[in-house]
Every structure is written in structure tokens, then in C-alpha cells.
Amino acid sequence: MSKDAMLGAIRRGLRRGPLPRDQVLGLQARLAAHPRHLIPGRSRVARPEQIALFIRNVEKEFGSVVRVPSPAAVPGAVADYLAAQNLPPSFAMAPHPELQALPWDERPLLQRREGKAVASDQVTVQHGFAGVAETGTLMLPGGPRRPTTLNLLAETEIVVLRASRIVGAYEEAFDLLRAELAEPAGGMLPRNVMLVTGPSRSADIESTLELGAHGPRRLHVVLIDDDDAARA
Amino acid sequence: MLATSPAFKENAAHAMADAGLQKALARTRPQFPAKRAAAVANLPEFEQLRDIGKGIKDHTLAHLDFYLETFAANVERAGGQVHWCSTADDARAAVLGICERVGARTVTKGKSMISEELGINQHLEAHGIVPVETDLGEYILQLRHEPPSHIIAPAFHLNREDWEESFRKSHTDLPADRVFHERRDILTEARTRLREKFLAADVGITGANFLIAETGTSVIVTNEGNGDLTQTLPRVHIVLASIEKTVPTLEDTISLLRLLARSATGQDFSVYTTFSTGPRRAEDVDGPEEYHVILLDNGRSAMVGTEFQPMLRCIRCAACINHCPVYGTVGGHSYGWVYPGPMGSVLTPSLIGVDQAGQLPNASTFCGKCESVCPMKIPLPNMMRHWREREFERHLGPQGMRTGLSVWAWFARRPAMYRLATRVAMAGLGLLGRRRGKFSSLPLAGGWTEGRDLPATEGHTFFARYAREQRAGRA
Ligand code: SF4
């Protein structure tokens with residue numbers, strides 16, 4: 001059987017049999033502790049600078065960011081963005097309670113459908129789980145409240161993110177993921193976790209960058225300033 | 001994939017005469033190193049992270065049996081299936097078995113070097129299943145029936161005219177007189193065409209950059225988003241991964257990710273880094289119903305414990321390729337198999353045999369650039385030397401090369417004699433070479449000059465010149 005053959009060959013190469021029990025326990029302890037390694041200093045800065053770093057990095061990667069003072073201002077920001085980009089005022093939205101609670105009715109021209117994305121969608125609105133300042137990266141774990149297809153099928157993806165959910169380094173975002181989503185599920189990660197840094201692109205044609213290869217061509221972040229410490 | 005590696009010399013000669021390829025090489029050659037250098041300069045901790053990355057992989061390889069079993073157990077816990085495959089045949093059979101069981105007609109594919117290694121497309125086609133490459137570069141190569149020429153920029157060797165020509169020839173349902181004003185038009189046509197394929201596919205096949213033991217997760221890193229569409233839309237997701245992709249924890253993976261994009265494209269981070277764990281859960285509204293990992297050995301376990309084990313640290317960033325003067329001259333197809341450049345020169349003989357790929361470790365100037373940029377600090381030139389020694393020992397090299405090498409080895413162990421002899425020889429060669437500018441054959445170095453021309457010396461040895469320049473520098 002291939003499994004035994006493969007493990008056997010590896011052990012022969014390592015000049016040992018199966019690991020003794022004490023070593024197995026040591027490796028299991030390392031997995032359980034999942035120690036961090038060096039975290040680059042660039043994101044170890046005061047809170048307002050961390051938010052600024054996140055925004056700078058999203059923009060560097062061809063995304064865009066608008067800051068709004070409160071959740072109530074999100075529908076207006078979405079409507080303004082769609083109008084400015086000449087996009088239709090309709091979108092597929094993640095069925096996340098935080099998004100559902102927004103005052104969409106104040107913008108009656110906006111048409112929204114909740115659920116996963118379909119091929120004909122031009123715009124999607126996704127819920128941002130966390131932002132990573134280090135590289136301007138969004139963490140978007142899939143699931144019933146945050147369908148994965150919303151990140152992929154439309155030409156324009158809008159992500160609503162609270163400033164309090166911006167962390168410095170990837171490790172901190174994964175800590176949130178472990179605590180809030182994996183632990184309640186018996187330690188299992190959500191089926192899909194996407195780290196998204198800017199809109200889709202390709203340099204396959206003559207090594208020249210073009211945006212919008214297969215995924216969204218535009219990635220827009222509506223950032224809710226809900227973090228007092230973060231206001232500069 | 002059938003190897004043409006034994007014909008490296010002929011391939012290289014052909015490549016150097018190929019105007020289109022040389023144009024593409026001239027365009028691409030400076031780009032990757034400049035971007036990488038900028039990204040590295042932006043991260044002061046980069047050097048420390050290289051040591052950390054190396055440490056993580058060394059630790060994993062020393063306990064690879066444990067981490068593979070842990071990975072497999074966690075995939076199964078999440079409802080996925082692991083298929084242990086010793087050989088390429090096993091892996092092809094496993095993939096075909098899944099596709100046939102679910103009655104697949106079309107299969108979309110994300111970019112995967114393992115898939116090239118297995119020749120999965122030909123295998124599926126032979127059994128009536130249509131594979132569709134979805135990475136833009138891989139897509140056009142499939143239309144043109146060409147293999148990739150680079151591990152992260154598979155179609156860099158093509159020019160715009162080639163794209164337009166292939167699209168016109170293949171997309172015959174579109175108006176023949178349509179105009180491609182800019183690159184964007186080419187991209188848009190591919191996007192539209194492939195979108196239909198994504199939606200229609202029954203099975204999606206991706207590679208994996210990492211397999212995380214702690215969580216039973218496969219990770220893909222892309223810029224286009226094609227890998228994500230491939231693994232999200234069809235009913236079945238198959239991951240093709242070789243055993244050395246294993247990493248213990250999420251934190252270990254993150255540390256390696258900090259090295260990967262910077263070393264590869266010079267981005268701080270790629271656009272999509274996606275973690276997949278098992279099939280769709282009961283409450284999920286999208287994602288595949290089945291999740292399979294094809295865990296491929298295909299010669300790798302035999303590298304464990306040998307002088308070639310460090311090669312298993314490779315994260316396929318292509319930095320060594322992008323900085324290699326030989327690759328920069330002859331391109332990727334010359335290497336004749338899946339993996340080109342310095343990493344290919346070390347890996348290919350391990351995977352398909354030194355009798356097939358014994359020429360590749362000679363395709364080096366031993367300038368050491370590859371090792372100096374390798375994020376995993378893999379001693380590539382050293383390992384190429386190991387292969388040359390092995391080839392020598394096995395008497396696979398031509399007679400002239402064996403004699404030449406043993407004479408060289410005798411001198412090399414006696415530096416003073418070597419300097420004297422080379423000074424004498426160089427003076428002679430300088431005189432000879434002035435006539436033609438270069439040598440296509442040298443006494444005692446036939447094995448070396450057979451593969452390439454040795455530039456004529458200026459009548460001085462490297463040591464003499466180095467000493468002179470050192471003195472000049474100090475003055
Ligand atoms: S050998 Fe090193 S530089 Fe080359 S692809 Fe592998 S990790 Fe990158």
C-alpha cells in the first residue's frame with residue numbers, strides 16, 4: 001500500500017523507525033502551542049498609524065478605501081461609490097447580521113439580494129472579518145454568513161470592515177479566527193479562508209500587469225471608524 | 001510529461017536562435033530581480049525570516065512521517081479524503097477514478113506543477129474527459145499545445161502576436177475581424193471564455209503551495225483568482241500536492257508566506273492566499289461537496305536523508321530561475337522537463353533520473369546567484385556539483401570530460417599548482433582565443449565546452465585579475 005511504502009521510505013531516509021512516543025508528544029505539543037515566529041516591525045506601531053498603514057497598503061495594491069464615521073453611513077458610502085463608478089445600484093450581499101442591521105432602507109434606490117453570488121452579479125458586498133495592516137490584506141473566512149463566491153464572481157467587490165478589526169500582523173488575524181470561528185467548531189477551521197490583497201490581476205501577457213483577470217477588477221473597502229483609539 | 005532533457009544542448013542552441021523567445025527574455029529578465037530587490041529592501045527582517053523559513057522546513061522534513069500522518073488525519077476529520085500515491089501512475093489513476101466516479105465531463109484546473117509532472121491533461125483526455133487550464137498563461141499554452149517555460153510565469157516566452165493568433169485560431173465562434181487594441185482586450189476575451197468553463201465544470205483540480213498538518217488545510221497562492229474559482233464552483237475539488245509541501249502549523253505557514261511573494265513576483269503578498277479545509281459544511285451555501293488530496297511522492301522520499309534533502313525545502317518561488325544567467329539566455333523549454341533553471345537542474349535528475357537529466361547540472365556558470373536569492377537558502381550550486389560527481393562516478397559523462405575532471409580535481413586539490421598551471425594555460429588560451437573570440441572546444445574540458453562556449457580569456461587568470469582588482473580597490 002502506498003501509504004506504508006511512502007512512510008517507510010521516509011523513515012529509511014531518516015535512518016529510524018516510527019518516532020518514539022516521547023518525540024511524538026513533543027511534536028504534538030508544538031502543534032498545540034503553534035508558536036509564533038518573528039513578526040516584522042512594520043506593523044508594531046500605534047493604533048492610528050496601524051489603520052493608516054492598512055489603508056496605504058490597500059491603495060498600494062490597487063484597492064480603494066473610504067472611511068465612514070458610523071455603521072449608519074455605510075449605505076450612503078456604497079451608493080456614492082457605485083454612482084461614481086457608473087455601476088448599477090444593485091448587488092449581492094453577505095447575509096451577515098452586521099450588514100443586515102445597516103439602514104439600507106434609507107437608500108431606497110439600492111437593490112440588494114442576500115446570499116451567495118451568481119454569475120450575473122456585477123457587484124457584491126462582503127463582510128470583512130479582519131484587516132491586516134502589514135500588507136493591506138483582508139481576511140474573509142467563508143461560511144453561511146460570508147459566502148466565498150461573493151469574493152470571486154463579480155467585477156466589483158465592496159468589503160465593509162470595522163476599524164476595530166484591523167490588526168497589525170497575520171498572526172493576530174489568525175488568533176481572531178481561531179478564537180471566534182475555529183474553537184466553537186471543535187478546533188476546525190472554516191472550510192474556506194481567503195486572504196485578499198487588492199483586486200485580481202495577471203502579468204501573464206508580456207509580463208505586464210493588468211487588473212481583473214478572473215476575480216474582481218475593483219476592490220473597495222468601506223471602513224467604519226468604530227475604534228476610538230484609532231482616530232488620529 | 002516526456003522529458004527532452006537529454007537534448008539540452010540542442011534545445012539551448014535552438015532557444016538562442018529563437019528571436020521571439022529572445023525578445024521575451026530581454027523584456028522579462030530585468031523585471032523580476034528589480035521587483036524582488038525592492039520588496040526585500042522594504043522588509044528589514046527578510047534575512048532573519050530566511051533563516052526561520054529554512055528552520056521550519058528542516059524541522060518538518062526531519063519529522064515528515066509524523067506531519068504527513070497528522071495532516072491526513074485532520075483532512076479526514078474535516079470530511080476530506082487523502083490518496084497516498086507513491087508513483088505518478090498511482091496519482092493519475094486516483095484522479096481519473098474520482099472523475100469517472102462522479103461522471104465528470106469537464107475539469108477546470110488551477111496552476112499546478114505537479115499536474116505537469118503527472119501529465120494529467122493527456123491522461124484525462126485519453127479517457128474522454130476535457131481538462132481546461134484556467135491560469136491565463138496556462139490557458140494559452142494549452143491552446144498552443146506547449147509546456148510551460150517558467151514555474152510562475154508559464155507563458156512569459158510568448159509575445160502579443162502569439163496571443164492574438166492563438167485566440168483567433170481557437171475562439172472561432174467570435175468575429176474573425178475583431179481587433180485587439182490592447183492587452184486588456186486579450187484578457188477580457190479570456191476572462192469571458194473561461195468564466196463559462198468555470199461554471200460548467202464538474203471537477204476542479206488545483207495544486208497546493210502548502211499543506212498544513214495542524215488543521216488538515218491546503219493553501220493556494222494566486223493573483224488571478226482562477227484557483228479560487230476552480231476550487232469553489234465545481235462539485236468536487238481535487239488538490240494535487242507533493243509530500244514536501246507539508247508544514248506543521250498556521251504560524252509556520254505565515255512565516256513562509258512572508259518570503260514567498262517577495263521572492264517570486266516582488267509583491268509583498270499575492271492577491272489571493274486561500275486556505276481550504278475539507279468539503280462544504282452542512283450550513284455552507286457554496287463550495288465543493290467533495291474534497292480530495294492526492295499526496296504524491298514520485299521520487300521525493302528517496303531524497304530524504306541524502307545530500308539532496310535540502311531541495312525538499314523549495315517553495316517554488318522561482319527566484320533562482322529569475323536570477324540565473326543560463327536560464328536568462330536559453331529560457332525554460334531548453335531544460336526539457338517540468339522544472340527549469342537551477343531548481344530544475346537539481347530536482348529533475350532526482351525525479352526522472354540522472355541518465356535522463358544528467359546534462360542539466362552542467363547548465364550552470366556556478367555564479368552562486370541562485371543560492372544567494374533562494375529564500376530557503378538551498379545550496380543549489382553545491383547540489384549541482386553533487387550531481388556532476390555522481391554522473392562522473394557512474395561514468396555517464398563522455399570520456400573527455402572524465403579525464404578532464406580528474407586532471408582538474410588533481411590540480412584543484414593543489415592550489416599552488418593549479419594557479420601555476422592555469423596561468424600557463426590561460427596565456428596560451430588568450431593567444432589562441434584572440435583569433436575567434438571564444439572556444440567551442442578546449443583540451444581536457446570537452447565535457448564543459450560541449451554544452452556551451454567558453455568565452456575567450458584576456459590572457460589572465462581569474463585569480464590574477466581578482467588580486468589586481470583587489471589591490472586597485474585598496475589603493
Ligand atoms: S530553489 Fe529556492 S529560489 Fe529556487 S524556487 Fe525553490 S525556494 Fe525558490
Side-chain angles (χ1 to χ4, degrees), chain A residues 2-3 5-7 9-15 18-19 24 27 30-31 34-38 40-42 57 61 115-116 119 135 137 142-144 147-149 151-152 170-171 174 188-208 210 212-215, chain B residues 27-28 31 43 45 48-49 52 63-66 78 84-86 90 136-137 153 155-156 159-160 163 183-184 186-187 191 194 199 214-215 217 223-226 228-229 232 248-251 254-255 268-269 271-278 280-281 283-287 297 301-302 304-305:
Chain A
S2 276
K3 178 176 176 181
M6 287 159 70
L7 294 174
I10 291 166
R11 287 172 186 144
R12 269 194 306 284
L14 294 170
R15 287 169 200 85
L19 282 170
V24 169
L27 294 175
R30 186 185 186 278
L31 288 176
H34 49 83
R36 288 179 176 186
H37 304 284
L38 172 81
R42 55 157 56 171
N57 279 329
E61 295 302 336
K116 65 177 183 178
T135 47
T137 299
T148 301
T149 39
N151 307 330
L152 298 171
Y170 312 114
E171 282 85 345
F174 276 96
M188 215 151 69
L189 289 187
R191 184 196 71 76
N192 168 287
V193 180
M194 289 182 72
L195 300 182
V196 177
T197 312
S200 154
R201 69 200 62 179
S202 174
D204 273 346
I205 307 173
E206 296 195 321
S207 308
T208 307
E210 294 282 348
H214 290 296
Chain B
R27 176 176 59 230
T28 313
Q31 281 196 20
L43 188 69
E45 296 91 347
Q48 281 163 277
L49 287 168
I52 289 166
H63 307 99
L64 189 56
D65 50 341
F66 169 82
W84 298 74
C85 299
S86 285
D90 294 347
L136 201 54
F156 91 90
N159 296 299
R160 220 174 114 171
W163 286 83
R183 290 189 195 87
R184 164 114 245 121
I186 301 173
L187 181 74
R191 179 183 168 113
L194 284 166
L199 295 164
E214 175 198 2
T215 51
T217 299
N223 278 321
E224 297 184 1
N226 65 308
D228 287 280
L229 285 160
T232 304
T249 66
L250 286 167
E251 278 73 5
I254 292 165
S255 290
D268 286 346
F269 217 57
V271 178
Y272 301 109
T273 303
T274 304
F275 298 69
S276 298
T277 313
R280 172 198 292 227
R281 311 278 159 82
E283 345 59 90
D284 281 349
V285 296
D286 47 23
D297 184 338
S301 62
V304 174

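Order of the sequence lines fixes the chain letters, A, B, ..., with proteins taken first and strands second; residue numbering starts at 1 for each chain.
The shortest non-hydrogen separation linking Ala153(B) to Asp204(A) is CA-OD1, 4.4 Å. The two residues Glu224(B) and Ser202(A) come nearest to each other via the heavy atoms OE2-OG, 2.9 Å. Taking every heavy atom of both residues into account, Phe156(B) and Ser207(A) meet most closely at CB-OG, 4.2 Å. The minimum heavy-atom distance linking Asp286(B) with Arg191(A) is given by the pair O-NE, 4.0 Å. Between Ser2(A) and Trp84(B), the shortest heavy-atom distance links the atoms CB-O, 3.0 Å.
For Thr137(A), the part lying under 4.5 angstrom from a heavy atom of chain B is the side chain only. For Ile52(B), the part lying near chain A is the side chain, with the backbone staying farther off; criterion is any non-hydrogen pair under 4.5 Å. For chain A, the nearby parts of Glu214(B) are the backbone and the side chain; heavy atoms of each come within less than 4.5 Å. Contact annotation for Ala78(B): both backbone and side-chain heavy atoms come within less than 4.5 Å of a heavy atom of chain A. Contacts of Arg183(B) with chain A are made by both backbone and side-chain atoms, with heavy-atom separations under 4.5 Å. The contact between Leu229(B) and chain A is made by backbone and side chain atoms together, counting heavy-atom distances below 4.5 Å. With a threshold of 4.5 angstrom between heavy atoms, Thr215(B) approaches chain A through side-chain atoms but not through N, CA, C or O. Only the side chain of Arg11(A) comes within contact range of chain B, with at least one heavy atom under 4.5 Å from a heavy atom of that chain.
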Please report the C-alpha distance between Leu250(B) and Tyr170(A) in whole Å, then the side-chain angles of each, then the deciding distance to 0.1 Å, and finally whether the side-chain contact (heavy atoms from CB on, under 4.5 Å) criterion is met.
CA-CA 10 Å; Leu250(B) 286 167; Tyr170(A) 312 114; over 6 Å; no
Arg42(A) vs Asp268(B), test: side-chain contact (heavy atoms from CB on, under 4.5 Å). Steps then yes/no.
CA-CA 12 Å; Arg42(A) 55 157 56 171; Asp268(B) 286 346; 3.9 Å; yes
Intermediate values then yes/no, side-chain contact (heavy atoms from CB on, under 4.5 Å), Thr249(B) and Arg30(A)
CA-CA 9 Å; Thr249(B) 66; Arg30(A) 186 185 186 278; 4.1 Å; yes
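Of the listed residues Ser255(B), Ala155(B), Gly225(B), Ala302(B), the one with more heavy-atom pairs under 4.5 angstrom with chain A than any other is Ser255(B). The candidate from Gly198(A), Pro18(A), Pro147(A), Ala9(A) with the greatest count of non-hydrogen atom pairs under 4.5 Å with chain B is Pro147(A). Between chain A and the options Glu45(B), Arg281(B), His63(B), the largest number of non-hydrogen pairs under 4.5 Å is found for Arg281(B). Contacts with chain A were tallied for Leu43(B), Leu199(B), Thr217(B), Leu136(B); Leu136(B) has the most, counting heavy-atom pairs under 4.5 Å. Comparing Leu64(B), Asp284(B), Thr277(B) by how many heavy-atom pairs each has under 4.5 Å with chain A, the most go to Thr277(B). Ranked by heavy-atom pairs shorter than 4.5 Å toward chain B, the options Leu38(A), Asn192(A), Leu19(A) are led by Leu38(A). Among Asp90(B), Leu49(B), Asp228(B), Thr28(B), the residue making the largest number of heavy-atom pairs under 4.5 Å with chain A is Asp228(B). Looking only at heavy-atom pairs under 4.5 Å with chain B, the residue among Lys116(A), Glu206(A), Arg15(A), His34(A) that has the most is Glu206(A). Taking chain A as the reference chain and counting heavy-atom pairs below 4.5 Å, the highest number among Thr273(B), Val304(B), Val271(B) is found for Val271(B). For the set Asn151(A), Leu195(A), Leu14(A), Leu7(A), the count of heavy-atom pairs under 4.5 angstrom toward chain B peaks at Leu195(A).
Arg184(B) has a carboxylate O that lies under 4.0 Å from a charged side-chain N of Glu210(A), or vice versa, which qualifies the two as a salt bridge.
Put simply, the side chain of Met6(A) does not reach to within 4.5 Å of the side chain of Ser301(B), judged on heavy atoms. Between Asn223(B) and Ser200(A) the shortest side-chain heavy-atom distance does not fall below 4.5 Å.
Atom-to-atom distance recorded for Cys85(B):SG and Lys3(A):NZ is 13.0 Å, nearest 0.5 angstrom.
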